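Every value quoted in this text rests on a predicted model; they were computed, and no experiment measured them. Letters go in sequence order (proteins before strands), and every chain restarts at 1.
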Amino acid sequence: MKPDLREQILTILAEIPPGRVTTYGRIAAMTDGATPRLVARALRDLPTGHELPWFRVITASRKLADHPGATEQRERLIAEGVLFDHRGRVAKDRLWP
DNA sequence: CTCATGACATTAG
DNA sequence: GCTAATGCCATGA
């Protein structure tokens, strides 16, 4: 059972509650066979202006991934109440299981 | 078909 | 803490 992994990824993404974040690896693990790279690719290919909370996805080290929208991502997370420590990392208790 | 690429993860040093 | 090497695998040239 391995239907469109991309759709599984987007479905999970849509489930992340506001004020929480999750990692590429966690999303990948929730799907049936996707890898973190596929999750990254799925986000990259999303059209601009969609509804999905792409900004709630961070790396396994709880930092923002290196990509063009990183600055906006940080702003949007802060706007939702996600706090960063002085090293730019998200608190563990903000991780979505 | 082969080759390079990448919003990553994990492991080793 | 950091970097570098590997693994991963869909996608496009």
Main-chain N/O of A:I16 paired to A:R56 side chain as donor or acceptor, under 3.5 Å: yes

Whole angstrom value for the distance that separates C1' of B:dA7 from CD1 of A:I16: 13 Å

Side-chain donor/acceptor of A:Q73 to backbone N/O of A:F55, under 3.5 Å: yes

Rounded interatomic separation in angstrom, taking CD1 from A:I9 and C1' from C:dC9: 12 Å

Any residue of residues 83-93 of chain A with a heavy atom less than 4.0 Å from an atom of DNA chain C: A:R87, A:R89

Length of the CZ-P vector between A:R74 and B:dA7, whole Å: 19 Å

Under 3.5 Å donor-acceptor, A:R94 side chain and A:G19 backbone: yes

Interatomic distance where CG belongs to A:L13 and C1' belongs to B:dC8 [whole Å]: 16 Å

Candidate nucleotides B:dA7, B:dA9, B:dG6, ranked by approach to the side chain of A:R37 - the nearest: B:dG6

Salt bridge A:E80-A:R20, side-chain N to carboxylate O under 4.0 Å: no

Residue A:A65, side-chain atoms from C-beta onward, closest of B:dA7, B:dA9, C:dC8: B:dA7

Any side-chain heavy-atom pair of A:L10 and A:L46 under 4.5 Å: yes

Spacing of CG belonging to A:L52 relative to CD1 belonging to A:I12, to within rounding of 0.5 Å: 12.0 Å

Residue-level proximity of residues 38-47 of chain A to DNA chain B when a heavy atom falls under 4.0 Å: A:A40, A:L43, A:R44

Integer-rounded Å distance: B:dA9 P and A:L95 CG: 12 Å

Neighbour count above 12 (heavy atom, 6.0 Å) for A:D85 CG: yes

A:L43 versus A:Y24, closest heavy-atom pair with distance: CD1-CE2, 4.0 Å

Euclidean distance, atom OH of residue A:Y24 to atom C1' of B:dG6 [Å, nearest integer]: 11 Å

Separation of B:dC8 P from A:Q73 CD (nearest whole Å): 10 Å

Rounded interatomic separation in angstrom, taking CZ from A:R62 and C1' from B:dA7: 19 Å

Full working for side-chain contact (heavy atoms from CB on, under 4.5 Å) between A:V57 and A:L13: CA-CA 8 Å; A:V57 184; A:L13 179 62; 3.6 Å; yes

